[in-house]
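The structure appears right after this line, and notes come after that.
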Amino acid sequence: MKNPPNYLVRSVDHALQLAVLLQVEGPIGVGEAAQRLGVAPSTAHRLLAMLVYRDFAVRREDHQYAAGPVLSLGGSSQSRIALLRSVAMPQLAALVARVRESANLQILSGDHVRFIGSVECTQALRVGNREGMVFPAHLASGGKIMLADLPQERLDALYGADKWAGRLDQRPNLVSLRRELRNVRERGFAINAGRTESGVTAVGRAVRDEDGRAQAAVSVSMPSSRFSRDRLPELVGALSLTARDIEEELRGSPATRVS
């Protein structure tokens, strides 16, 4: 399970969040970085300067900061994820307004899920921002819904014993995992009841591309004390609407049509 450390080093946390933004979304300016982190521009500038110093970032001629040699990904991957996030964020905010719980956008990265968008609800007791965080895919609700969409050979490759050398105690039982993913596929949604974070329950649903393949997942997260099976129809229905709206907007995007 992943819980915040007792003594959170805020500057380190901010620097790591910036590194994730640069890696998965592409170039960012000081002003946008400050807004995304909720800090002063001067603080964002110092954080970015340190990332440049350690080759996690580079400063371009247009004064934007881009992923450096340590983080660089293909440009097409960055643009696709940036488009997905820009389309999804307003829909996540609408989802939060509907269900009054925090909402997230996730993508599959090997045998993990990466949270690339997060909107907190306003309730006093709530699940906080998860943007930039990574969890084992077979435990997270969004991860399970995306794993359930993979061909069997791809799933076997991800969870083969050779890929888990040195951490076999963390490798899921493939028989049980296949059974769980079959159930997820039939239901069309997945639940994570305290498997990644104690006291937190999440429900996830896939966001599909034009070919019907899961390209991402949306989820709602809440304190387990506020979750009950009676809420599932409401939550799954709201997630379905959100996923549909994201899919329709992505299909209408010029960038999506070109790719």
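What you see is a predicted model; the values in this text were computed from it and never measured.
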Is [Y] reachable from [X] through a run of I, L, V, M, F, W or Y residues, each pair having side-chain heavy atoms under 4.5 Å apart?
{"X": "V20", "Y": "V119", "result": "yes"}
{"X": "L105", "Y": "V236", "result": "yes"}
{"X": "V127", "Y": "M89", "result": "no"}

When rounded to the nearest 0.5 angstrom, what is the spacing between [atom1] in [X] and [atom2] in [Y]?
{"X": "L235", "Y": "E101", "atom1": "CG", "atom2": "CD", "answer": "7.5 Å"}
{"X": "C121", "Y": "R226", "atom1": "SG", "atom2": "CZ", "answer": "5.5 Å"}
{"X": "N192", "Y": "S219", "atom1": "CG", "atom2": "OG", "answer": "9.0 Å"}
{"X": "M146", "Y": "Q215", "atom1": "CE", "atom2": "CD", "answer": "10.5 Å"}
{"X": "L48", "Y": "I28", "atom1": "CG", "atom2": "CD1", "answer": "7.5 Å"}
{"X": "L147", "Y": "L158", "atom1": "CG", "atom2": "CG", "answer": "7.0 Å"}

- Query: Given the rule in the side-chain contact (heavy atoms from CB on, under 4.5 Å) test, do T242 and R98 qualify, once you have shown the distances and angles that lead to the verdict?
  - Reply: CA-CA 10 Å; T242 300; R98 280 195 287 267; 2.9 Å; yes

- Query: Can you find a side-chain donor-acceptor pair between T201 and S224 that sits under 3.5 Å?
  - Reply: yes

- Query: Between S102 and R130, do the side chains contain an N or O donor and an N or O acceptor separated by less than 3.5 Å?
  - Reply: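 There is no such pair (donor and acceptor under 3.5 Å, judged by atom type) between the side chains of S102 and R130.
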
- Message: Looking at every non-hydrogen atom in both residues, tell me the closest pair between S118 and N104 and how far apart they are.
- Response: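 Smallest heavy-atom distance, with atoms named: OG-OD1, 2.7 Å.
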
- Message: If you compare all heavy atoms of L139 against all heavy atoms of T196, which two are closest, and at what distance to 0.1 Å?
- Response: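 Distance-wise, the nearest heavy atoms are CB-CG2, 3.6 Å.
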
- Item | Residues in salt bridge (charged side-chain N to carboxylate O under 4.0 Å, His left out) contact with R85, at least two apart in sequence or another chain |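 So R85 forms a salt bridge (charged side-chain N to carboxylate O under 4.0 Å, His left out) with E25, E131.
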
- side chain to side chain donor-acceptor pair (under 3.5 Å): pairs with one or both residues in residues 133-145, sequence neighbours excluded: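 For residues 133-145: K144-E180.
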
- Check the pair F115, N129 against side-chain contact (heavy atoms from CB on, under 4.5 Å), reporting the backbone distance first and the verdict last. CA-CA 9 Å; F115 285 65; N129 189 302; over 6 Å; no

- With sequence neighbours left out, which residue pairs that include part of residues 110-119 fulfil the salt bridge (Lys or Arg N to Asp or Glu O under 4.0 Å) condition? D111-R167

- Query: Going through the distances and angles, do Y159 and L177 end up as a side-chain contact (heavy atoms from CB on, under 4.5 Å)?
  - Reply: CA-CA 10 Å; Y159 292 98; L177 180 60; 4.0 Å; yes

Evaluate whether atom [atom1] of [X] has more than 12 neighbouring non-hydrogen atoms of other residues, nucleotides or ligands under 6.0 angstrom away.
{"X": "R54", "atom1": "CZ", "result": "no"}
{"X": "Q123", "atom1": "CD", "result": "yes"}
{"X": "F189", "atom1": "CZ", "result": "yes"}

- Task: Please name the residue in the list R213, R208, R185 that meets the salt bridge (charged side-chain N to carboxylate O under 4.0 Å, His left out) test with D149.
- Result: R208

